Amino acid sequence: MKPGAQKMNYRQLQAFRAVMDAGTVIGAANLLHISQPSVSAHIANLEHTLKIQLFVRQGGRLAPTAEAYLLHEEAGHIVRGMARLRRLAADIQQLEAGRLIIGAYPALSSYVLPRFVGVFARHHPKLRLSLEPEASVRIAELAASKQLDIGLMTMPVIDPATTCDLIFETASVCVLPAGHPLSEKEAIEAADIRDQSFIALGREDGSRQAVDRSFEDAGVRVEVRFEAHYSDAACALVAEGLGVSIVDKFSAERWRGTLAIKPFLPYVPCHVYLTRSRTHMSSLLQEQFEREFRVYLEEHFS
């Protein structure tokens, strides 16, 4: 650009549109809430930049030239587009707008996340969110290929394409049919399961080995009558009176009031890991979502 050359800008186009609509400089100044000299300066600068005469003065009014009419519609598209862009930028700054794609293992996606999202969305009214229930291994794959913004898993996955952080840990619990004799106890110990029909989680579940080890350490041989891939399915079997189970606290909470929920000893951890692509750039909205979700877990499930 040559020294002294001017660029066309949004304010010039806005003033041009206002004069076209109002028919006078004073009318345009009132529409834009700026001074008349400012409107005149914007028009003069625009004409100088375009090297086109846009208005001629006729009887105290500005009459648009034929060229002005040709430019008017396109200038309107630009001005309206810029206005939308400014509103969107303001929404982003205020963490109201944005899209998030969340992958979560079923124990979280079926109960905990919907409740949290209900609270989060009320404070971020222009949020768009996709919630994708998947097994932990699949979540890691989706995060690595940038198909998810956030992945929530039960176990860590080592992949150079992703980051993986432990964001929460709590204790697994024992779930029993309502009115079960063991429901009178303050806590259920491994030895208490000795004579019970037991509903085990699938061997790919992160807590299965820890639960099996707790029985081995206590010298207890349990009768595994049923096996469920997901904790929620195990709780459903318990609700049918088919046995007792050790599950994560998130799934158990969904069945509160239907099942008896008791602490289980020894301690069997339940983990939540957060993963994302290593090259993914988190938005302000995503960072807020992650912070508030950690707080939500601490407040409701510690």
Side-chain angles (χ1 to χ4, degrees), residues 85 88-172 201-210 229-232 247-251 268-302:
L85 184 61
L88 177 59
D91 288 341
I92 292 172
Q93 290 174 355
Q94 296 168 17
L95 300 179
E96 289 186 357
R99 176 167 185 172
L100 294 175
I101 304 176
I102 312 295
Y105 66 94
L108 287 179
S109 61
S110 63
Y111 179 78
V112 177
L113 266 176
R115 292 176 68 87
F116 168 73
V117 169
V119 176
F120 188 79
R122 283 193 286 274
H123 294 95
H124 305 273
K126 297 181 182 179
L127 166 72
R128 291 180 298 158
L129 186 142
S130 296
L131 180 56
E132 301 186 8
E134 294 284 357
S136 291
V137 173
R138 178 58 177 159
I139 289 171
E141 295 172 352
L142 293 173
S145 59
K146 298 184 181 179
Q147 296 180 61
L148 299 175
D149 295 309
I150 299 171
L152 298 167
M153 311 181 299
T154 59
M155 62 188 74
V157 174
I158 300 175
D159 186 332
T162 63
T163 62
C164 187
D165 302 303
L166 177 64
I167 65 168
F168 186 70
E169 177 180 318
T170 189
S172 296
L201 298 180
R203 295 189 179 278
E204 66 282 354
D205 188 275
S207 66
R208 172 66 183 267
Q209 292 183 353
H229 189 64
Y230 295 124
S231 296
D232 194 60
V247 300
D248 61 88
K249 192 177 292 187
F250 312 124
S251 296
V268 174
C270 170
H271 297 127
V272 179
Y273 287 89
L274 188 149
T275 187
R276 66 176 80 84
S277 167
R278 193 173 292 277
T279 58
H280 172 73
M281 295 294 293
S282 299
S283 66
L284 295 174
L285 185 66
Q286 178 177 332
E287 292 174 356
Q288 185 76 4
F289 183 97
E290 293 177 9
R291 285 194 299 269
E292 292 188 16
F293 185 58
R294 292 181 190 225
V295 172
Y296 183 86
L297 291 176
E298 292 288 348
E299 290 181 347
H300 291 81
F301 296 98
S302 289

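Numbering of residues begins at 1 and proceeds along the displayed sequence. These numbers were taken from a predicted model, which means no experiment stands behind them. In what follows, every heavy atom counts, from backbone to side chain, and hydrogens, waters and symmetry copies are set aside.
- The side-chain heavy atoms of His123 and Val119, taken from C-beta on, include a pair separated by under 4.5 Å.
- Looking at Arg99 and Ser130, their side chains do bring a donor and an acceptor atom within 3.5 Å of each other.
- The nearest pair of heavy atoms linking Ala144 to Ala161 is CB-CB, 4.1 Å.
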- Hey, mind stepping through Val112 and Phe293 against side chain to side chain contact (heavy atoms under 4.5 Å, CB included) and telling me if it holds? CA-CA 10 Å; Val112 177; Phe293 185 58; 4.2 Å; yes

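- Using a 30° and 60° split on the angle between ring planes, Phe250 and Phe301 fall in the perpendicular class, above 60°.
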- Message: Set out, in order, the CA-CA distance, both residues' side-chain angles and the distance that settles side chain to side chain contact (heavy atoms under 4.5 Å, CB included) for Phe116 and Leu108, then state yes or no.
- Response: CA-CA 10 Å; Phe116 168 73; Leu108 287 179; over 6 Å; no

- Chi angles and distances behind the side chain to side chain contact (heavy atoms under 4.5 Å, CB included) call for Arg276, Ile150: CA-CA 5 Å; Arg276 66 176 80 84; Ile150 299 171; 5.6 Å; no

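- Rounded to the nearest 0.5 angstrom, Asp165 CG and Arg294 CZ are separated by 6.5 Å.
- Rounded to the nearest 0.5 angstrom, Leu100 CG and Ser283 OG are separated by 5.5 Å.
- Under a 3.5 Å cut-off, the side chain of Arg208 and the backbone N or O of Leu201 do form a donor-acceptor pair.
- With Ser172 contributing its side chain and Val268 its backbone, the two residues share a donor-acceptor pair below 3.5 Å.
- The heavy-atom pair separating Asp248 from Ser231 by the smallest distance is OD2-OG, 2.7 Å.
- More than 12 heavy atoms of other shown residues, nucleotides or ligands fall within 6.0 angstrom of atom CD in Gln147.
- Using modelled atom types, no side-chain atom of Arg115 and backbone atom of Tyr111 make a donor-acceptor pair closer than 3.5 Å.
- Aromatic ring centres of Phe289 and Tyr296 lie farther apart than the 6.0 Å criterion allows.
- Between Ile167 atom CD1 and Glu298 atom CD the span is 9.5 Å, to the nearest 0.5 Å.
- Counting heavy atoms from C-beta outward, Glu134 and Glu141 have side chains that stay 4.5 Å or more apart.
- The NE2 atom of His300 sits 12.5 Å away from atom NZ of Lys249, with the distance rounded to the nearest 0.5 Å.
- Between Val157 and Thr162, every side-chain heavy-atom pair lies at or beyond the 4.5 Å cut-off.
- For the pair Leu152 and Leu274, the minimum side-chain heavy-atom distance is below 4.5 Å.
- For Gln286 against Asp149, the heavy-atom pair with the smallest separation is NE2-O, 3.3 Å.
- Taking all atoms of both residues into account, the shortest heavy-atom contact from Met153 to Ser136 is SD-O, 3.4 Å.
- Counting heavy-atom neighbours within 6.0 Å of Leu166 CG, excluding the residue itself, gives a total above 12.
- Heavy-atom minimum distance, Ile139 versus Thr275: CG2-CG2, 4.2 Å.
- The minimum heavy-atom distance between Ser145 and Leu142, with the atom names listed, is OG-O, 3.2 Å.
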- Query: What do the steps show when you test Glu290 against Glu287 for side chain to side chain contact (heavy atoms under 4.5 Å, CB included), and what is the final call?
  - Reply: CA-CA 5 Å; Glu290 293 177 9; Glu287 292 174 356; 5.6 Å; no

